[in-house]
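One structure is given below, encoded as structure tokens.
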Amino acid sequence: MNDDRLFAVKMRAAREGAHISGAERIVKARDIPALAAALAERALHHSKGVPDEIHVKVEAAENIERLVSLPVSTYVTHTPAEGRAVAARLLSSAGITRIDEILARFSETYGMRGAMLLDADTLERLEPDPERGVRATYMDAVFNGQDARCPSGDVRKKNHFAEAVVLATKVANAPGIVGEICVSDDPDYVTGYVATKEIGYCRITTVKEMGDPCGGRIFLYRGPREGVAETIEYLQKQCVLVEGVPDVPTKAATSAALPFEEVLRAELREVAEQGLLRVCRERPTEMLSFASNDYQNLAGDPRLKAAACEAIQRSGAGAGASRLVTGTLPEHVRLERHLASFKGTEDAVVWATGYMANVGTISALVGKGDAVFSDALNHASIIDGCRLSRADVFVYRHADMDDLARQLDAAGPRRRKLVVSDAVFSMDGDLLDLPAFLATCRRAGAVSMIDEAHATGVVGATGRGLTEYFGCKPDIILGTLSKALGCEGGFVCASRTVCDYLRNRSRAFIFSTAPDPGAMAAADAALSVLEAEPWRAPELRAKVARFVAALNAAGVECSTQSAIVPILIGDERMACEVSAALEREGVLVPAIRYPTVARGAARLRAAVDAGKSDADLERAAELIAVQRNRLLRG
């Protein structure tokens with residue numbers, strides 16, 4: 001055999017028929033055995049898994065065309081949305097329109113063995129076999145003046161960059177091709193590119209999230225239909241060697257420098273494509289609502305409204321200053337005393353919102369060098385409080401006291417250790433095992449804190465929360481005035497020392513205008529209602545039990561320990577579709593999606609309140625079952 005002859009060596013690896021890895025080289029005959037072995041070894045070490053099939057094909061490389069590499073530029077982007085916005089701008093500059101529609105077609109490319117071939121103007125797919133796509137093959141780079149590369153070094157380590165430049169150069173020179181856009185399908189590689197003859201190879205540093213296996217290539221064709229076959233023949237059969245391919249990207253990079261609002265629009269488009277876009281809208285008034293956290297139906301209670309009006313007449317619409325200046329009004333003092341009495345503590349402090357109470361408390365109690373421990377399913381306000389505290393954050397598995405104990409021990413000696421947990425978990429409706437939680441904290445000498453936002457007014461014999469239900473108390477009880485109490489604001493109930501410390505150290509308390517007196521007086525009245533009508537919490541829980549029983553009877557598996565009834569759907573878009581279908585029937589049950597819950601754990605979150613009749617509960621359960629089952633069964 002003539003050792004100077006060139007051969008195309010191609011490797012394709014698959015598992016259970018699904019593509020895992022592919023690569024090719026054009027080499028001299030003497031290098032074929034070493035290269036074939038190296039490519040097979042590379043296939044066995046791919047991030048997508050171990051293949052059960054590896055095919056290595058060797059063919060003579062004939063009629064070789066030599067091309068000069070496209071000029072390379074790099075655009076530094078920081079988010080997938082920003083990267084796609086840059087790609088859109090680059091394609092637009094090359095005379096390609098309908099960019100958003102082209103980018104949306106990437107939802108169809110994952111799993112294709114080749115690229116999608118689109119008419120650049122009509123977006124009609126032109127591949128003869130849409131499942132296979134069009135595969136650009138028979139190509140390699142010329143390095144160091146040699147006719148072909150040799151298999152020196154570890155070819156298991158794929159040079160994404162050099163291989164992409166080679167492919168893009170061949171594609172850009174194919175007849176009728178006006179552009180290409182690529183998103184790597186390698187989970188460990190987030191970079192993509194846009195390429196045309198006019199703009200060259202434009203590398204974009206971030207076009208998807210790390211770990212995302214989705215990707216693909218789209219070739220954009222402009223020309224007569226009878227020219228498509230020639231284009232595909234060139235892409236799939238013409239042997240090409242590309243000269244001047246850089247082995248690594250140049251260090252010089254171009255800032256994406258997109259206009260501020262263009263970046264924001266791009267990120268919003270990406271959120272919308274994922275089914276995660278949120279909008280504010282006025283609350284529907286003619287709906288049967290399972291969306292409110294007003295569990296005791298007190299927001300519209302005449303007694304609360306009257307108390308708020310009287311306070312506004314007496315003290316004004318606003319406090320006018322922070323609490324430590326002149327903002328402390330009689331309404332604040334009365335409410336704090338009433339909260340302490342209601343929760344059985346020495347003192348209480350109120351904030352303008354429950355979010356501020358969590359952030360302000362956690363960041364005041366622990367700081368740099370301390371340790372704070374948080375349940376994996378805690379509310380965002382707890383998570384943000386932990387992050388902002390600058391303490392070392394340890395997240396333990398949901399409701400796993402053994403894991404909490406291990407992490408408390410692993411943290412070692414600290415000035416302070418604070419453990420924070422929701423009392424009722426807001427997306428699952430389950431209760432914290434408070435006795436086990438307190439025992440774990442005490443053994444480690446850690447301060448215990450629970451957030452009773454969804455427990456107050458719902459849990460316990462008279463609605464005083466998880467502490468009443470279990471008959472024991474943590475060091476700090478946090479809560480909100482905006483759920484079962486029907487008002488707005490947040491609070492902490494604790495010892496006088498802790499409360500005095502928070503008044504002096506909580507920046508959210510010190511540097512915020514005091515909550516308005518109307519809300520404080522209404523919350524005070526709500527506590528009085530719960531005290532005067534202790535039957536409210538047990539009656540609410542009975543309604544919840546009837547609702548869950550009706551759902552189970554209709555074939556919807558669910559359960560709860562609170563007024564929150566989660567109905568798992570899984571897919572984000574499907575959850576939104578079920579919610580929208582229910583709304584058309586006059587029932588409001590919100591879809592909860594990422595990032596509120598984990599990806600793939602989307603759900604309907606039905607909140608039961610005291611105003612629901614048995615007929616309301618039965619109607620809602622029936623409609624939820626019908627719409628959920630209809631969509632899940634396709």
Side-chain angles (χ1 to χ4, degrees), residues 1-70 112-115 132-171 173-174 182 184-186 188-189 217 232-248:
M1 179 182 290
N2 181 356
D3 277 358
D4 289 331
R5 287 186 63 194
L6 296 178
F7 288 81
V9 182
K10 295 193 286 187
M11 178 274 290
R12 296 288 181 266
R15 182 178 181 84
E16 297 179 353
H19 175 76
I20 286 183
S21 177
E24 64 181 88
R25 297 282 186 270
I26 296 177
V27 297
K28 293 179 180 179
R30 63 175 175 268
D31 294 321
I32 291 173
L35 177 61
L39 289 176
E41 181 70 8
R42 167 171 150 179
L44 292 169
H45 294 83
H46 198 277
S47 58
K48 285 188 175 181
V50 179
D52 53 24
E53 293 180 51
I54 301 174
H55 298 276
V56 178
K57 183 178 182 181
V58 180
E59 298 176 82
E62 299 174 341
N63 189 27
I64 295 174
E65 179 179 352
R66 293 177 181 274
L67 300 173
V68 176
S69 171
L70 292 174
M112 288 178 61
R113 296 174 65 191
R132 181 179 186 275
V134 175
R135 296 173 68 178
T137 58
Y138 298 101
M139 56 199 170
D140 205 345
V142 175
F143 283 100
N144 301 320
Q146 300 297 314
D147 280 344
R149 72 170 78 197
C150 64
S152 60
D154 187 358
V155 297
R156 289 179 302 171
K157 296 180 179 178
K158 182 174 182 177
N159 187 335
H160 291 269
F161 170 69
E163 292 181 12
V165 173
V166 169
L167 186 145
T169 299
K170 178 176 182 179
V171 172
N173 282 275
C182 171
S184 173
D185 63 358
D186 191 320
D188 297 329
Y189 198 65
R217 282 188 171 84
I232 294 174
E233 178 74 12
Y234 182 93
L235 291 168
Q236 298 192 152
K237 297 295 183 181
Q238 177 62 52
C239 285
V240 165
L241 284 176
V242 182
E243 299 176 349
V245 177
D247 201 30
V248 294

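The structure presented is a predicted model; accordingly, all values stated were derived computationally and were not measured.
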Residue pair [X] / [Y], side-chain heavy-atom distance below 4.5 Å:
X	Y	value
Val242	Lys170	no
Glu65	Met139	no
Val56	Leu35	no
Phe161	Val245	no

Donor-acceptor pair, distance only, cut-off 3.5 Å: does the side chain of Glu233 make one with the backbone of Gln238?
no
Atom [atom1] in [X], atom [atom2] in [Y]: separation rounded to 0.5 Å?
X	Y	atom1	atom2	value
Arg25	Asp31	CZ	CG	12.0 Å
Leu167	Cys182	CG	SG	7.5 Å
Leu6	Lys28	CG	NZ	7.5 Å
Thr169	Leu241	OG1	CG	12.0 Å

Any idea which heavy atoms bring [X] and [Y] closest together, and the distance?
X	Y	answer
Ser69	Gly244	CB-O, 3.6 Å
Ala168	Leu70	O-CD1, 3.7 Å
Pro246	Ala162	O-CB, 4.0 Å

From CA spacing to verdict: side chain to side chain contact (heavy atoms under 4.5 Å, CB included), Glu24, Thr137
CA-CA 8 Å; Glu24 64 181 88; Thr137 58; 3.5 Å; yes
Would Ile54 and Leu44 count as a side chain to side chain contact (heavy atoms under 4.5 Å, CB included) here? Give the steps.
CA-CA 9 Å; Ile54 301 174; Leu44 292 169; 3.8 Å; yes
Can you list the steps and then say if Arg66 with Val142 is a side chain to side chain contact (heavy atoms under 4.5 Å, CB included)?
CA-CA 9 Å; Arg66 293 177 181 274; Val142 175; 4.1 Å; yes
